[in-house]
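Lettering follows sequence order; numbering is per chain, from 1. As the structure is a prediction and not an experimental result, all values here were calculated from the model.
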Amino acid sequence: MRAPAEPTTCDNLCMVATRTDGRLGPSRPVSARLRDARSSRLSALVASAALVVGSTLVVGALTPEIPVRSAGVFYLVAVLGASSVYGVWWGLATSLASALAFNFFFLPPEHTLVVNSSSDWLALAAFAVTAVVTSDLAARERAGRDEAARRADEAALGERLATVIATAPNLDNALAALGDQAARTLGATQGVIVRGSSPFPRPGVLPLELNGRPIGELRLSGGAPGLVESQPARRVARQLAGLIALGEERERRMREEVNAKALQRSDQLKTALLRAVSHDLRSPLQAIAAAAGGLHYASLDAEEQELLDTIGSETGRMSRMVENLLDLSRLTAGALPPVADWLDPRELVEAAMSELFRDGPQNRVRLVVMPEVPLVHGDGPQLQRVVVNVLENALKFSPADRPVDVRVARRDGAVEITVSDEGSGVAASDAERIFEAFARGDRTDVPGSGLGLAIARGLARANGGDLWLAPPASRGATFVLSLPTTARGGR
Amino acid sequence: MSGEPLILVVDDERPIRRALEVTLTKAGYRVATAGSSAETLTAAALSPPDLVILDLMLPDGDGAELCAELRDWLAAPILLISAVEAEGEKIRALDAGADDYLTKPFAVGELLARVRALLRRAGGAAPRDSLIEVGRLAVDLPRRSVAVDGAEIHLTPTEFDLLKELTLAAGRPLTHQMMLRKVWGPGYARETQLLRTHMGRLRDKLEAGGLARDSIETLTGVGYRLRDGAGASTSYGISR
């Protein structure tokens with residue numbers, strides 16, 4: 001159970017109330033108006049009598065100048081006044097009193113309640129009908145005004161609720177303050193809003209539901225019996241439920257935003273850390289390569305030259321290994337966010353081929369690009385890395401005199417790049433294992449770290465694509481790289 | 001300026017700086033070194049170099065900004081050395097006026113080849129003639145015509161403009177943004193779809209005309225470059 005409104009929040013609410021409500025604010029709830037009504041019965045009697053007496057005096061003053069039957073119209077003023085202020089029954093009573101007074105004082109024979117002429121009967125009947133109709137109309141107008149005032153109260157409450165819920169930093173605190181406001185609007189003295197579903201309907205508890213979904217309840221005290229079943233209570237419940245749901249949604253979004261920011265900070269940290277680590281790992285290797293490069297101008301004998309070449313080639317191998325390990329760490333840490341762009345798949349494959357064959361002419365890769373291949377969407381350098389790794393794998397695991405076929409084609413809203421070799425193929429049981437980090441096939445005679453395909457698949461998936469091994473054909477292995485052709489493909 | 005070209009080597013790692021200094025000296029260049037942005041500006045102001053080799057990862061500032069600052073008053077070519085992760089910085093530096101780049105780890109032979117190419121281009125007059133010939137490719141600017149081995153190739157106006165920019169850059173890499181701005185206009189700097197599609201068609205036509213497809217080199221994530229000896233299908237040919 002929550003405590004009633006805290007003073008500070010109430011100040012805030014009262015301020016809102018003053019601003020939004022000019023006429024019938026929460027300072028005059030329904031119960032107060034009912035008390036007013038009881039005490040005003042006497043004043044209604046006095047006022048109606050005064051109206052009849054006043055009308056009689058006016059008619060009496062006018063009759064020498066105008067015909068008495070026309071002057072009788074002034075009694076309608078009394079009827080109208082009574083019915084519009086005090087309702088239809090006071091209107092009827094006033095019209096009866098007016099008819100009697102008119103007859104008694106002005107219709108011949110005067111000072112009796114006897115009516116002689118049939119035209120006087122007709123005048124009295126017309127008078128009575130007019131009075132009844134007028135008082136009914138006036139009473140209806142008055143009921144409409146009351147209803148409008150009640151709706152205005154509820155609308156004002158809704159506005160206050162919306163303002164508080166939309167601006168409060170904490171929904172529960174805001175609701176603690178709003179319970180009493182809602183209760184007073186409904187004529188109860190106290191109200192507590194409790195979030196969550198309530199299992200059983202209980203007296204004095206107004207269930208708050210939104211489209212059948214329980215949102216919470218408003219526990220009322222000091223209200224009239226049957227208040228929770230009344231129309232106004234239901235309307236207020238609907239309003240409250242909708243606004244609480246809105247507040248909960250707002251809370252959820254704020255939570256998500258905080259989480260996303262934390263995640264982003266952690267990603268930035270990981271990226272920065274890995275950047276520093278790669279710099280530290282790469283710099284010594286670059287220094288060795290540069291220093292060894294400088295020795296190319298030295299006059300060395302054949303054996304010394306061989307040692308220098310070994311330094312060069314092993315530095316290169318070490319560099320590739322470091323790059324692979326760094327890429328794998330970045331992938332695992334989620335620190336390789338793709339920078340997506342539109343790419344020509346043919347360009348990707350050709351750039352990969354240029355990278356692989358930069359030392360000499362390439363004569364092993366046969367590239368076929370089908371017509372009408374669309375652009376793909378992804379990170380250029382990352383996807384080129386995927387193609388390089390897959391191609392390198394195919395070239396490594398097939399005889400040096402056999403070609404590797406690359407085919408680029410559109411397929412079902414994606415572009416597929418298939419790489420087929422004529423090597424010994426991959427056992428069906430290894431079809432998934434070869435994509436695991438450090439996994440090697442049974443060909444231990446081929447050098448490698450077992451990272452190339454793992455990185456390739458990781459990068460392909462990070463870019464909204466995929467890489468897999470096609471079911472075994474007659475010979476060799478076929479890898480399929482699928483790339484998205486829409487911008488939504490990326491993760 | 002006296003004698004051999006002066007090369008300013010900028011790298012925060014002393015061993016790398018020293019190794020490059022020795023190698024370049026042995027290759028016949030004069031060498032100055034700097035280990036930070038501040039040192040670079042001082043060194044370049046005291047004795048203006050003929051070429052700057054600039055590592056983008058400097059301890060005291062943004063390599064791309066340094067590049068832009070140098071470019072304001074230094075005409076010498078700038079060769080960037082960048083790590084794979086510094087892709088964004090590299091592109092900004094190229095847009096700011098750097099002339100070429102090498103990605104770490106690089107082979108010394110490759111570095112020397114780039115240095116030679118940049119110095120050769122800087123020494124020769126900029127190719128602003130009406131007829132530009134690169135290898136087997138001839139581009140006639142006033143007539144807006146292109147020929148491979150003398151045989152004319154028909155290009156659309158956009159394809160011609162793309163080839164013209166690549167030819168005028170004469171072996172320098174052009175970033176995607178540079179090409180889009182120059183050919184389509186400043187409002188198109190992000191429309192890489194346009195660039196990819198038209199470059200694909202341009203390559204198809206040049207290939208049909210007998211030019212090797214990789215005469216225009218794809219610098220993935222960066223841009224394009226017309227190879228110096230277009231048509232010969234050679235790279236820098238340095239073993240790693």
- Query: Could you give the distance from CG (Asp341(A)) to CZ (Arg196(B)), rounded to the nearest 0.5 Å?
  - Reply: 5.0 Å

- Query: Is Ile216(B) close to Glu350(A) at the side-chain level, that is, under 4.5 Å between some pair of heavy atoms?
  - Reply: no

- Query: Quick one: what part of Leu285(A) sits under 4.5 Å from any heavy atom of chain B, side chain, backbone, both or neither?
  - Reply: neither

- Item | Pair Glu347(A) + Arg201(B), salt bridge at N-O below 4.0 Å | no

- Task: Find the distance between OG1 (Thr220(B)) and CG (Leu343(A)) and round it off to the nearest 0.5 Å.
- Result: 8.0 Å

- Note on the structure: Okay, Arg14(B) and chain A: the region with an atom under 4.5 Å from a heavy atom over there is neither

- Message: Rounded to the nearest 0.5 Å, what separates atom NZ in Lys104(B) from atom OG in Ser283(A)?
- Response: 4.5 Å

- Message: So, taking the atom named CH2 in Trp342(A) and the one named OG1 in Thr197(B), what distance separates them when rounded to the nearest 0.5 Å?
- Response: 10.0 Å

- Can you say whether Arg213(B) sits under 4.5 Å from chain A via the side chain, the backbone, both, or neither, judging by heavy atoms? side chain

- Pairwise distance OG1(Thr218(B)) to CG(Asp344(A)) - rounded to 0.5 angstrom: 8.5 Å

- Leu195(B) versus chain A, heavy atoms under 4.5 Å apart: side chain, backbone, both or neither? neither

- Answer with side chain, backbone, both or neither: which region of Asp55(B) has an atom nearer than 4.5 Å to a non-hydrogen atom of chain A? neither

- Item | Residue part contacting chain A, namely of Gln193(B), when any heavy atom lies under 4.5 Å | both

